[in-house]
Amino acid sequence: MRDMPQLLIFDMDGTLFDTEPISYIAWKAVCAKYGYTLSEKVFYQLLGMDNRRLCQILQAHFGPEFPYEVICREKMAYQLQYYRDHTIPGKPGLTACLHFAAAHDIHCAVASSSPPEVIRYLLEKNRVRSYFQIIQSGEDVAHGKPAPDVFLAVCRQLRIAPDRALVIEDSQNGILAAAAAGIPAVWIPDLIELSESAAAKAWRKCTSLAEIPTVLMGRTDSREVSICL
C-alpha cells in the first residue's frame, strides 16, 4: 500500500473491543449447563467464524446431537447481559485511530462475524457508532470469514475498490478473508498467533490500533506511536 486508503474496515471482537475472553466465558458456561466441556483449544477454532461454521465445528467436536441453536441463543443472551452490566473498553488506540480517519476523510466500517445487533450495541455503548458508515455482519452474507464476502460487501456499498481499502484484523480467518478479497490487511494479534502462511498474507503487523495512524503516515519513529496511546 503506497497511498492513504479510502476505507478502513475493522473487525470487532478482539480488534475494536476486548470481547474474546468474555465470549469464552459465555460459551464455556452455557456448554457446561448442557453437559459439555468447551476447552480453550476448541474455542480458539471458533474465532472469526460466523454462526454456520460455528455450528459445524462444535457438532464435529461434540457430535451431531450437540444442541447448537439452543446453546447459541443462551450464550448470546449471557454475553449481552455481561455487556450491559460491565464496561467493555475499546482496544488501546481506538479513539486516536478513529479521529485520524475522520481528520483524513477516510471511511470506516465494521465487518464482523458477530450478529448485527451486538455490533451496534457495543459501538453505541462505547460512543463510537458515529464514526462508522457501514456495519456489516457475517450473518448477512452468503459465506463468512475466511471467505471474502463480508469485506467485499462493505466495498460494494461504499463503491470503493478493494485495493483502496485496508482491513484491520486480529484473527487468522479475518486475514485470510482480506487476502481472498484482494484487500491489504493489518494484523493486530489478540489471543492467538497466526500460522506462518497466514501471517505472510498480512500487509503489516502492529501491536495495537495506536500504531495505525503512524503506519499510514509512513512514519516509523516510536515517539510518533506513543502519541497515539
Please verify the inter-ring angle class for Phe10 with Phe132; under 30° counts as parallel, over 60° as perpendicular, anything in between as tilted.
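Perpendicular.
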Which label fits His86 and Tyr82: parallel for a plane angle under 30°, tilted from 30 to 60°, or perpendicular past 60°?
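His86 and Tyr82: parallel rings.
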[X] [atom1] to [Y] [atom2] distance, which is reported to the nearest 0.5 Å:
X	Y	atom1	atom2	result
Asp18	Leu94	CG	CG	12.0 Å
Ser208	Asp190	OG	CG	12.0 Å
Trp27	Ile22	CH2	CD1	15.5 Å
Leu58	Leu46	CG	CG	5.0 Å
Ile192	Gln172	CD1	CD	7.0 Å
Ser114	Met12	OG	CE	3.5 Å

Side-chain heavy atoms of [X] within contact of [Y], under 4.5 Å:
X	Y	result
Gln59	Tyr68	yes
Pro189	Glu193	yes
Leu54	Cys72	no
Thr19	Val118	no
Leu209	Ile168	yes
Lys33	Ile71	no
Leu152	Pro162	yes
Thr214	Phe100	no

Can a donor-acceptor pair be found between the side chains of [X] and [Y] at a distance below 3.5 Å?
X	Y	result
Ser171	Asp11	no
Gln45	Lys41	no
Asp85	Gln81	yes
Gln136	Gln157	yes

Are [X] and [Y] grouped together when hydrophobic residues (ILVMFWY) are joined by side-chain heavy atoms under 4.5 angstrom apart?
X	Y	result
Leu80	Tyr78	no
Leu98	Leu122	yes
Tyr34	Val42	yes
Val30	Phe43	yes
Val128	Tyr83	yes

Pick out which of Ile183, Val186, Ile106 makes a side chain to side chain contact (heavy atoms under 4.5 Å, CB included) with Leu166.
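Running side chain to side chain contact (heavy atoms under 4.5 Å, CB included) over Ile183, Val186, Ile106 with Leu166 returns exactly one hit, Val186.
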Is the backbone of [Y] close enough, under 3.5 Å, to the side chain of [X] for a donor and an acceptor to pair up by distance?
X	Y	answer
Thr87	Pro89	no
Glu211	Thr207	yes
Arg129	Tyr121	no
Asp149	His143	yes
Tyr24	Leu38	yes
Arg52	Ala142	yes
Asp163	Gly182	no

Evaluate whether atom CD of Glu196 has more than 12 neighbouring non-hydrogen atoms of other residues, nucleotides or ligands under 6.0 angstrom away.
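Atom CD in Glu196 is not packed in, count stays at 12 or less.
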Do other residues, nucleotides or ligands put more than 12 heavy atoms under 6.0 Å from Arg84 CZ?
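Yes, because the 6.0 Å sphere around CZ of Arg84 holds more than 12 heavy atoms from other groups.
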Would you sort out whether Arg159 and Gln6 count as a side-chain contact (heavy atoms from CB on, under 4.5 Å), showing the intermediate values?
CA-CA 10 Å; Arg159 297 182 180 180; Gln6 297 175 353; over 6 Å; no
Could you tell me which non-hydrogen atom of [X] sits nearest to which non-hydrogen atom of [Y], and how far apart they are?
X	Y	value
Cys108	Ala101	SG-CB, 3.5 Å
Val141	Gly138	CG2-O, 3.3 Å
Gly174	Phe151	O-CE1, 3.5 Å
Pro146	Ala180	O-CB, 4.3 Å
Ser113	Ser137	O-OG, 4.5 Å
Glu20	Asp13	OE2-O, 3.3 Å

Determine whether Lys91 and Leu16 satisfy the following criterion, side-chain contact (heavy atoms from CB on, under 4.5 Å), listing intermediate values before the conclusion.
CA-CA 5 Å; Lys91 285 285 202 169; Leu16 292 179; 5.8 Å; no
For a side-chain contact (heavy atoms from CB on, under 4.5 Å) check, start with the C-alpha distance between Leu216 and Leu8, then their side-chain angles and the critical distance, and finish with the verdict.
CA-CA 11 Å; Leu216 294 182; Leu8 299 181; 4.2 Å; yes
Partners passing side-chain contact (heavy atoms from CB on, under 4.5 Å) against Ala199 (at least two apart in sequence or in another chain)
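Ala199 satisfies side-chain contact (heavy atoms from CB on, under 4.5 Å) with Trp187, Leu194 once adjacent residues are dropped.
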For the aromatic rings, using the six-membered ring if either is Trp, is the centroid distance between His99 and Tyr131 under 6.0 Å?
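Ring centroids of His99 and Tyr131 are less than 6.0 Å from each other.
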Verdict with reasoning, Thr37 to Cys31, per side-chain contact (heavy atoms from CB on, under 4.5 Å)
CA-CA 6 Å; Thr37 300; Cys31 283; over 6 Å; no
Looking at Glu169 and Lys145, is any side-chain nitrogen of the basic one under 4.0 Å from a carboxylate oxygen of the acidic one?
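Glu169 and Lys145: salt-bridged.
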Who pairs with Asp105 by side chain to side chain donor-acceptor pair (under 3.5 Å), at least two apart in sequence or on another chain?
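By the side chain to side chain donor-acceptor pair (under 3.5 Å) rule, Asp105 matches no residue at all.
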